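Bear in mind that the values here come from a model prediction, so they are computed numbers and not experimental data. Order of the sequence lines sets the chain letters (A, B, ...), proteins ahead of strands, with each chain counted from 1. The figures here come from the full heavy-atom set of this structure, side chains too, leaving out hydrogens, waters and symmetry mates.
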Amino acid sequence: VSVVDPITLEVVCEGLIAIVREMRATVIRASYSPVIWDMDDFSCALFDPQGQMIAQSDDHPGHVLPMPWSVRCAMEDFEGDLRPGDVILLNDAYRGGTHLNDVTMLYPLFDAGELFILPAVRAHWADVGGSTPGSYSGLNTNIYQEGVRIPPIKILAEGRLNRAAMALLLNNMRLPEDRQGDFDASLGACRVAEARIRRLLAKYGRKTVLDCIALNLDRAERRCRARIATLPDGEYVYEDYLEFYQDGRFDPVLMRLTLTVRGDEIVADFAGSSPQVPGVVNSTLATTGAGVVVAVKAALDPEGPINAGTFRPIHLRAPAASIVDVKGDAPAGAHGEVRKRAVSVMLGALAQIVPELVSGDLCGTSFPNAIGGRDARRRRDYVYYEAPSGGNGAWLAEDGASAWGNIDFGNVRTIQSAEALESAMPLRVERSELRCDSGGEGRTRGGLGLRREIRLLEGEARYSVLSDRAVLPPFGVGGAGPAAPVRVSVRRDGEEIELPMPGKATGHTLGAGETVIMQSAGGGGYGDPLAREPERVRQDVRSGYVSAVRAREGYGVVLTQHGEVDAAATAAERTRLAAARRRFPVVGDERDPYDGRRGKHRLVRLAPGLAHALGLTTGDLVEMLGRHPAPLRAWVRVDDAAPAEQVALDALGRRILGVADGDGVEIRRLSTPPIPGGLVSAERAHEHAVTPIA
Amino acid sequence: VYWVGVDVGGTFTDVVVYDEATGALAVAKSPTSPADPTVGLLNALAKLRVTLSATGRVVHGTTIGTNAILERKGAPVFVLTTRGFRDTLEIARTNRTVLYDIRARKPAPLTTRERVIEVDERMAADGTVVRPLREPEVREAIARVLAAQNGEGPGAVVVCFLHSYANAAHERAAAGVAAEGLPRWFVSASHEVLPEFREYERFSTAVLNAYIGPKVGGYLSGLGRALAERGYTGRVFVTTSSGGIMTAEVAARFPVHTVLSGPAGGVAAAVNLGRLTGHPDLITYDMGGTSTDVCLVEALEPTLTTEQHIAGLPNRTPQIEINSIGAGGGSVVWVDAGGALRVGPRSAGADPGPACYGRGGVEPTITDANLVLGRLAGDVSLAGEVPLDVDRARRALATLGDRVPGLGDEAALAEGIVRIAVARMVSAIKEISIAKGHDPRDFVLLAYGGAGPMHAALVAEELEMPRVIVPPVPGNFSAFGPLISDLRRDYVRTRLMPTRGGTLDDVEGVFAELTAEAHRDLAADRLPFERISTVRALGMRYVGQSWELLVRMPAACDSMAALEAAFRAAHERRYGHASDGAAEIVNFRLTAIGEVARPALERWPARGALAGALRVERPVRFGGEAVRTPVYVRERLPAGAVIIGPAVIEEMGATTVVPPGWTATVGTWGELALTRRSL
């Protein structure tokens, strides 16, 4: 039992956070990677030797939340073998890392011969080797293509730099001088932390500091439990997808969440999610868990502290070697996408519990783009990197914010200044604007995505992009519409060419004069768009956020030629649109609804008459709306054996929608980009592949 | 001849008058008249019977622009911008400043999307024309502006084109067409406000300027007329965010330079006192009722920054780097959902005020804690107006004890609250000192504001700072700033120049252009400067870095290598390391300072004995024990007096606490110097 008074407790905790702030200040501009210095894509925190996070500041949730796992992995490897002056470096996605670009430094600090505290810095290095400049590619099939894998190693041993290891690392990364700078920045921050922690110890003594830490974690835990306890007990299910291709064929992978609330604890169980795939959409459980924590906190207690205490009431379960808990040698480059999808499924599940606290789906992808080449005029290689933010989901009271980092993304600047970019690289920003009609339509509207057009002026370059939500759009809740998905294309001689796999490219060759058009996704809407105040729709049209066509077709708002609301026509149009929504009764069908090869995607079997009436055909993507706020996505399979005028759903599907046999379900078609390779089907593969054994 | 300094604040207008003949200072206060601040100003002046025809200089600090931004009550701003970039202001830098909150809002720009009109023109980064500007298109755009404004009177138009810092021809031409087509409108161009690269930050600064332009300009010309009608024949000056003053004419064109002029005035006054007392390295500590501002001054130069935000929007004009936190004397102490004790940022304000004011406030504040500790007087009135009620303060504190076990009695709790507040001050000072490579032990803590002198020694103790200085009348210290500030104009030019390959002549060439421009401007001001000096600095970075570090141009710089060395030293100090990689210059900055005559202050009288200043003795709590402590009246302290702590020194509007182990000495100018007796 601790005897620290509440005042000393506050003073010491303030001191610990001040140390992290000082670490951040040190990293913030001394780094060389544009992602670090221009976008603040890095984080600092303090840990105890058990891997408990003690303090952080305004740090990137995607970085700091998985960090406890990094510390535990390092502690396992170096148990009993750590000495003062040792510094650990790691990025191994299977052993404490996230994706290989995030390089983590741990700085064990000793007091009186005992390991006491670990300052840590995780920073996104602009390149860590691998198949493409920027080490980012949506087409990698194994981790070796993603760069150098650094298991937890002592990069400094008792204060001496391991020059061999350093040389080996830098020799395998592009722009090694810059990487050295990134390394130095992290080291500088850790050294600053050491000096400050020593002062704190000298002043208060180790026992008091440790007691303060323990008390602080305990009260964060109490606070988090108190919030969870307000939720009704129960099990809530939701599912969503990540976009995976094999041999150019679309094979979406399934993420399924069963969220259990029991008393003051939450269990997020990912059982039923797809096994890991030879593609980038896998992540460590630590990163998946970060998505869960972010969603819980963002919905239930945004002002609460973030430390190990906050995490205690939240439990994770996941099948091993799955997309949410990757093992060797599958890639993990799109770990952030998995984290974002974990946020999506959490929102879908939480919407069933506390709809007033959630928003429509976020843009749901970090959308990293890289262009690399040789700048002949400046005689220098360059890597341009940016990840244009998309929209945020709308919520009960407000439209979603446009072009703003998602909640799991920290205070990251995701686009560069056109003027700074053009003065450093042979590129020109032709356009940087909000995408009209990209926000999900709802009573409150989802935020808009961005349209960025970047032209290569001279030489040849390679373009890579690694995105999700390029086929399946972010979903709305409460009857709202989906947002526009990500779209990437290249303009060559005035012609716009789509990528063969939406949102994914590796080392695509760009010639001088060609323009990459990057369009980030919007955010999902909230509530019925026919209930949006016509005046707000008119204002959106006036501002160019919504087109007059979508005002009419999506919101049922008819404007006069002077741009004013035509009240009578609007009322009529809204009545007509509401009447056109048809619900069909659900009928139980317990056959396995999923298809896919590596992945798994839900089918909805429709009788030909019904499909025809809805204008649907096999392979179309639809969403079904039931009683729960979030929709259920599926691909249409026209099936002669399906019941007429009814929607066949298995028990899980019925739970996701909150419907019972006989309840009505609405089916909406979602438009998707062309995918030349088409959607895989195991069933059809089966038909062709099986030959009778003689 | 009189010199008049005016500070129009949100609640009160403060006037400081200096009589050149006698060296005497007089101070007056009058409620601010929000509808027309000139009225409040003239009322305050009337209290002092200043003869305006015998007044040589009127210097004015104003929050009119600041408030217009914070309250979002500026002019309608129309923006002409490069095709493809209409959303630059709304997109901003896309970074989420509020983490983890799914319901948080992105700061909204000061103009709406339909007021941004694209023009098909384009410059390249090197200033060459990619697509020429066509005047008919600009005229069309202006016609759209007029149509949109729909006869609602003049607003503001600002031309924000890409790469205008490199070649302003298009912006200039478009602004010319706009000025012609929109008489009586506030017309400006982004390169005039800030000829610096990075479009979002420049456009944002230019839009802030346009947003407050009509309001500030209208006010200043009205004030000029009102003063002239009353016989004033001199010029009106306005204090700037960078701690200088500029003429009202310049301020009316570039009001964005004034948005932080309030706290900058205090720092300017601090620099002056530092100069007089021989302490060139200072950390200023201004603790008022709702917030605390701290700033680092090295060699009598306040740290400047161009990276501040106002209302979430970047303002990249040079400003004194002030770190502001939401904790002041009136800050409410509360218990959060997790059971942690917190101080601020919510403040009880002046109404209802702290619980001890007895005006209906029931929540405990820092002021209440100090009253319970005996550090504030329970027997005389604060600022001569409000009687303080110890029992109410104690009852308010008791409500906390019920909610957090282990807090002890009210007195122990009160001492703890002060410790928590001090810890926050200490963090704020660390961010501007240690985090930037400065050791606070090398600095003197200069404390002012109503609550600063009460906590200063405790803050210094935590930071191991050996000396605290408390100026006379610390509650009104900031209003003195405008009177002692020099005329100051800041110039910047973006030009990328590698240190290897470039020559010093290239550098000098750019500075020569800026210097010529500065001399032209200062000559146009037609003022009797004592001296004109310039300070040169460079924004430099390693090739590959994006954000630059401000490097003072070395006094004796004979080569690019020397310049590079100066950059490396600055980098080393700020970040703890520096490589010998290639560096480049990004921005050239020149500050022209027109020195004006400063008031010669009266010396503090040495008459009388210390005992004559003793008002009473009362128990004051320090370190868990109530200690019998002498309480002095500051006005009666003789120069040279030495007071051994514990002691309390009271004056109108502020109380200085000298804790045990500290000694206070009354200096030549009436300042109190607090030093630690031993370590």
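For Leu357(A), the parts lying under 4.5 angstrom from a heavy atom of chain B are both the backbone and the side chain. There is no contact between Tyr382(A) and chain B, counting heavy-atom distances below 4.5 Å. Interface remark: Arg219(A) contributes backbone and side-chain atoms alike to the contact with chain B (heavy atom separation under 4.5 Å). Both the backbone and the side chain of Val429(A) come within less than 4.5 Å of a heavy atom of chain B. Only the backbone of Asp59(A) comes within less than 4.5 Å of a heavy atom of chain B; no side-chain atom from C-beta onward does. Heavy-atom distances place the side chain of Arg380(A), and not its backbone, under 4.5 Å from chain B. Heavy atoms closer than 4.5 Å to chain B are found in both the backbone and the side chain of Arg542(A). With a 4.5 Å cut-off on non-hydrogen atoms, Leu457(A) does not touch chain B at all. Only the side chain of Val130(B) comes within contact range of chain A, judged by heavy atoms closer than 4.5 Å. Within the 4.5 angstrom heavy-atom criterion, atoms from both the backbone and the side chain of Leu162(B) approach chain A. Interface remark: Arg83(B) contributes backbone and side-chain atoms alike to the contact with chain A (heavy atom separation under 4.5 Å). Only the side chain of Arg196(A) comes within contact range of chain B, with at least one heavy atom under 4.5 Å from a heavy atom of that chain. Contact of Arg122(B) with chain A is made through the side chain alone, with heavy-atom distances under 4.5 Å. Neither the backbone nor the side chain of Ala220(A) comes within less than 4.5 Å of any heavy atom in chain B. With a threshold of 4.5 angstrom between heavy atoms, Thr97(B) approaches chain A through its backbone and through its side chain. Only the backbone of Asn406(A) comes within contact range of chain B, judged by heavy atoms closer than 4.5 Å. For a residue to count as touching a neighbouring chain, one of its non-hydrogen atoms must lie under 4.5 Å from one of that chain's; by this rule Arg199(A) touches chain B with the side chain only. For chain A, the nearby parts of Glu199(B) are the backbone and the side chain; heavy atoms of each come within less than 4.5 Å. With a 4.5 Å cut-off on non-hydrogen atoms, Glu433(A) touches chain B through its backbone and its side chain both.
The closest side-chain heavy-atom distance from Arg103(B) to Glu398(A) is not below 4.5 Å. Between Leu448(A) and Glu90(B), the closest side-chain pair of non-hydrogen atoms is not below 4.5 Å. Ser389(A) has its side chain out of reach of Arg96(B): every pair of non-hydrogen atoms, C-beta onward, lies at least 4.5 Å apart. In this structure, Lys203(A) and Glu462(B) have side chains that are in contact, with non-hydrogen atoms separated by less than 4.5 Å. Under the 4.5 Å side-chain criterion, counting only non-hydrogen atoms from C-beta, Ile91(B) is in contact with Leu450(A). For the pair Glu14(A)/Arg424(B), a side-chain contact is recorded, criterion being any heavy-atom separation below 4.5 Å from C-beta on. For the pair Ile102(B) and Trp395(A), the minimum side-chain heavy-atom distance is 4.5 Å or more. In this structure, the side chains of His163(B) and Glu422(A) come closer than 4.5 Å at one or more pairs of heavy atoms.
For the atom pair CZ (Arg223(A)) and CG (Asp336(B)), the distance works out to 5.0 Å, reported to the nearest 0.5 Å. With rounding to the nearest 0.5 angstrom, the CZ atom of Arg93(B) is 9.0 Å from the OG1 atom of Thr414(A). Rounding to the nearest 0.5 angstrom, the gap separating the NZ atom in Lys297(A) from the CG atom in Leu99(B) is 9.0 Å.
At a cut-off of 3.5 Å, with distance as the only test, no side-chain donor of Tyr200(B) or Glu419(A) sits close to an acceptor on the other residue.
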### Worked check of side-chain contact (heavy atoms from CB on, under 4.5 Å) between Asp87(B) and Leu434(A)
CA-CA 6 Å; Asp87(B) 293 321; Leu434(A) 296 173; 3.5 Å; yes
### Message
Would Glu431(B) and Arg21(A) count as a side-chain contact (heavy atoms from CB on, under 4.5 Å) here? Give the steps.
### Response
CA-CA 8 Å; Glu431(B) 282 173 38; Arg21(A) 273 194 221 119; 3.1 Å; yes
### Message
Glu114(B) vs Gln539(A), test: side-chain contact (heavy atoms from CB on, under 4.5 Å). Steps then yes/no.
### Response
CA-CA 10 Å; Glu114(B) 59 263 33; Gln539(A) 185 55 43; 2.9 Å; yes
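Closest non-hydrogen pair, Ala104(B) versus Trp404(A), comes out as O-CZ3, 3.7 Å. Heavy-atom minimum distance, Pro302(A) versus Tyr100(B): CB-O, 3.9 Å. Residue Glu10(A) comes nearest to Leu341(B) through the heavy atom pair OE2-N, 3.3 Å, listed as atom of the first residue, atom of the second, then distance. Minimum heavy-atom separation, Ile415(A) to Ala92(B): CD1-O, 4.0 Å.
Counting only distance, with no hydrogens or angles, the side chain of Lys106(B) and the backbone of Ser402(A) share a donor-acceptor pair below 3.5 Å. Judged by distance alone, the side chain of Arg113(B) and the main-chain N or O of Ser543(A) form a donor-acceptor pair under 3.5 Å.
Interface summary for chain B: among Arg451(A), Arg428(A), Arg222(A), the most heavy-atom pairs under 4.5 angstrom belong to Arg428(A). Note: Pro61(A) leads Ser359(A), Cys13(A), Ala18(A), Pro61(A) in heavy-atom pairs under 4.5 Å with chain B. Considering only heavy-atom pairs separated by less than 4.5 Å from chain B, the leading option among Ala295(A), Gly447(A), Ala299(A), Ala401(A) is Ala299(A). No other option in Ala166(B), Ala125(B), Ala108(B) has as many heavy-atom pairs under 4.5 Å with chain A as Ala125(B). Top candidate by heavy-atom pairs under 4.5 Å with chain B, chosen from Thr8(A), Asn216(A), Leu396(A), is Thr8(A). No other option in Arg541(B), Lys430(B), Arg342(B), Arg202(B) has as many heavy-atom pairs under 4.5 Å with chain A as Arg202(B).
Environment of CZ in Arg419(B): crowded, with over 12 heavy atoms of neighbouring residues, nucleotides or ligands closer than 6.0 Å. Within a 6.0 Å sphere centred on CZ of Arg105(B), other residues, nucleotides and ligands contribute 12 heavy atoms or fewer.
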